[in-house]
Amino acid sequence: MREVPKDAEAKSHALALRAGLLFMASAGIYSYLPLGFAVLKKIEEIIRKHMNKAGACELFMSALQPIDIWQKTGRDKILEEVMIRFRDRRGRELCLGPTHEEMITEIVKKNVFSYRQLPLILYQIQTKFRDEPRPRFGLLRTCEFIMKDAYSFDATQEGLNVNYQKMLGAYQDIFKECGLNFIMTEADSGAMGGSLSHEFLVPAEIGEDMLYFCTKCNAYYKKEGKCPKCGTALLTKSMIEIGHIFQLGVKYSLAQGALFLDQEGKRQPAIMGCYGIGVSRLLPAIIETNSDDKGIIWPRGVSPFDATMVVVGDALLQEALALAHTLEKSGLTILVDERIESAGVKFNDALLLGSPYTIVIGKNYTASGKIEVEARKTREKVTLSPEELINFFNNERERNA
Ligand SMILES: Nc1ncnc2c1ncn2[C@@H]1O[C@H](COP(=O)(O)OP(=O)(O)OP(=O)(O)O)[C@@H](O)[C@H]1O
Ligand SMILES: [Mg+2]
Ligand SMILES: [Zn+2]
């Protein structure tokens, strides 16, 4: 889209709509179009890589959940307003899962009987449903969103501490690779009912959480009041919550009877932790903090393409495609803009879509054999031969490995 859509409520929302990442069906209800879905899959890949490396196992739970498992913990009442709940034609009371602590606890209760089966970390990347009072800012707060939720089960508190630290480390690696400049704070665990908890936040205007910032110490604080270190007055900063981890303890395992036999043969409740990432919320968080007036600037890790190739005029299309294939053989992913559009339109769209590089196959390519490459972030240009272009990207890759 050339124009900023009227219903866009934030910079990231406008860019996501203009770049064709999303389709808004209604407030808080979105479909992912091919480019948006491609970025989402890159983010999911990063999450899977670090979760698996930390020893977590992926599973996939049903979105439909029977209400009776929620009655065991009393959270059918606590989450009554956000829960999308209904009765099916056979009279079963069901909900579309707003989260999965109760479901995972049922699964572990029916499958884990001995300390020998512990510790265990299970995770999924799945759609959650919440009847949010104020869905807004594109994918920031929606009624249907994608979450990565992980759950750990341990025989001892020491075991939980180990798993908690593993997840905390994995989260730092995930957010770094997604190009997010995040802050980590210790937080209240509120409705989750446990003790220790950490929040991961990204400073951005549209954020709905608040932290206090000391410009002198370059540090964030949870509480207002002068800076505890230097006494300077603190600034308020809006933050986007991108992830939250909790030590749950035995609240769910006790309520639902998820017991295991310990080394002495005594029945004990499993000690749990839970670890969430707002996977779809990472898109607006990344775009808010990685964009300029021309469009999105995808961090390398989440960009579906290494470069967008702009072909000027259709006479050179075959040569351009041949070059793109050569680049793809060396492991690069190239988006070729083969539309019949003016060079200006294609070049502006390449800036809007935000691949780290734009490769321009200009009118004099056949005569000169030269290609122009522009970095999206710095807008620095270099002119290269096809062989030099391959080396250029190989060097780039090594630099960022
Ligand atoms: N309505 C939503 N739309 C998109 N992402 C969400 C939404 N609600 C929560 N998330 C994301 O899922 C993660 C884990 O969910 P959790 O239940 O801990 O969130 P929450 O405490 O309800 O978040 P919030 O305070 O933003 O409502 C959050 O850290 C956030 O990134
Ligand atoms: Mg919430
Ligand atoms: Zn200070």
Side-chain angles (χ1 to χ4, degrees), residues 10 12-13 16 22 24 27-30 32 40 43 47 75 78-84 96-102 104 123-151 167 171 174-175 178 180 182-185 187-194 197-202 204 206-221 223-235 237-248 273-286 288:
S12 54
H13 190 198
L22 302 175
M24 177 167 134
I29 304 175
Y30 287 87
Y32 300 87
L40 186 76
I43 295 173
I47 294 175
R75 287 214 302 174
I78 294 167
L79 296 177
E80 192 165 22
E81 298 211 287
V82 297
M83 202 181 249
I84 298 175
L96 291 171
T99 178
H100 278 75
E101 281 81 11
E102 281 77 358
I104 197 83
Y123 79 97
Q124 65 173 348
I125 296 176
Q126 193 246 17
T127 303
K128 303 284 184 250
F129 296 87
R130 294 184 186 178
D131 187 358
E132 292 279 357
R134 275 181 304 280
R136 57 178 169 170
F137 299 142
L139 292 181
L140 191 82
R141 186 169 295 285
T142 54
C143 301
E144 177 182 332
F145 64 96
I146 300 169
M147 196 201 285
K148 187 286 298 173
D149 44 327
Y151 306 89
M167 289 296 107
Y171 272 43
I174 288 166
F175 296 137
C178 288
L180 287 162
F182 64 95
I183 313 288
M184 192 175 86
T185 64
D188 305 325
S189 47
M192 284 293 173
S197 126
H198 286 83
E199 265 174 5
F200 296 81
L201 305 132
V202 172
I206 59 166
E208 298 176 305
D209 284 45
M210 198 72 89
L211 282 185
Y212 303 93
F213 183 68
C214 175
T215 45
K216 219 169 174 184
C217 304
N218 199 24
Y220 286 88
Y221 298 96
K223 290 205 176 76
E224 209 169 351
K226 285 171 182 158
C227 174
K229 281 205 192 114
C230 73
T232 307
L234 298 171
L235 294 177
K237 286 261 189 184
S238 306
M239 312 291 290
I240 299 174
E241 181 193 315
I242 51 171
H244 203 166
I245 60 177
F246 302 88
Q247 291 206 355
L248 296 174
C274 77
Y275 315 88
I277 292 179
V279 180
S280 47
R281 185 180 279 184
L282 292 190
L283 276 143
I286 292 167
E288 279 294 318

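We count residues from 1, following the sequence as given. Worth knowing before you read on, the calculation uses all heavy atoms, side chains too, and leaves out hydrogens, waters and symmetry mates. Worth saying up front: this structure is predicted, and the values here are computed from it rather than measured. Counting starts at 1 for both ligands and their atoms, following the listed order.
Nearest heavy atoms, M147 versus P98: CE-O, 4.5 Å. In this structure, L40 and S280 approach most closely via the heavy-atom pair CD1-CA, 4.3 Å. The minimum heavy-atom distance linking S197 with H244 is given by the pair OG-NE2, 3.1 Å. Residues I240 and G207 come closest through the heavy atom pair CG1-CA, 3.6 Å.
Residue M147 holds the heavy atom nearest to atom 14 (C) of ligand 1 of all those in M147, K148, R134, R136. Checking R130, K128, E199 against atom 16 (P) of ligand 1, the nearest heavy atom belongs to R130.
Proximity of L140 to ligand 1 is established by a heavy-atom distance of less than 4.0 Å.
With ligand atoms numbered from 1 in the order given, ligand 1 contributes 1 (N), 2 (C), 8 (N) to contacts under 4.0 Å with heavy atoms of E132. Listed by atom number, the atoms of ligand 1 under 4.0 Å from I242 heavy atoms are 29 (O), 31 (O). Residue contact check: G243 has heavy atoms under 4.0 Å from atoms 29 (O) of ligand 1.
Residue-level proximity to ligand 1 for E241 is carried by backbone and side chain together, each with a heavy atom below 4.0 angstrom. Using a 4.0 Å cut-off between heavy atoms, R141 contacts ligand 1 through both its backbone and its side chain. Neither the backbone nor the side chain of E208 comes within contact range of ligand 1; no heavy atom lies under 4.0 Å.
Aromatic rings of F200 and H198 (six-membered ring for Trp) have centroids beyond the 6.0 Å cut-off, not under it.
Checked against a 3.5 angstrom limit, the closest N/O atoms of D209 and ligand 1 fall outside it. Inclusion of S280 in the set of residues having an N or O under 3.5 Å from an N or O of ligand 1 is not warranted.
Using cut-offs of 30° and 60° for the angle between ring planes, the F213 and Y220 rings count as tilted.
For the 3.5 Å distance criterion, the side chains of E144 and T127 fail to qualify, holding no donor opposite an acceptor.
Taking the Zn ion (ligand 3) as the apex, the angle formed with SG of C227 and SG of C214 is 110°, to the nearest 10 degrees. With the Zn ion (ligand 3) as the vertex, SG of C217 and SG of C230 span 100° to the nearest 10°.
The pair R281-E241 fails the salt-bridge criterion, with no side-chain N (NZ, NE, NH1 or NH2) lying under 4.0 Å from an Asp/Glu carboxylate O.
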Y275 vs K148, side chain to side chain contact (heavy atoms under 4.5 Å, CB included): CA-CA, chis, key distance, verdict: CA-CA 8 Å; Y275 315 88; K148 187 286 298 173; 3.9 Å; yes
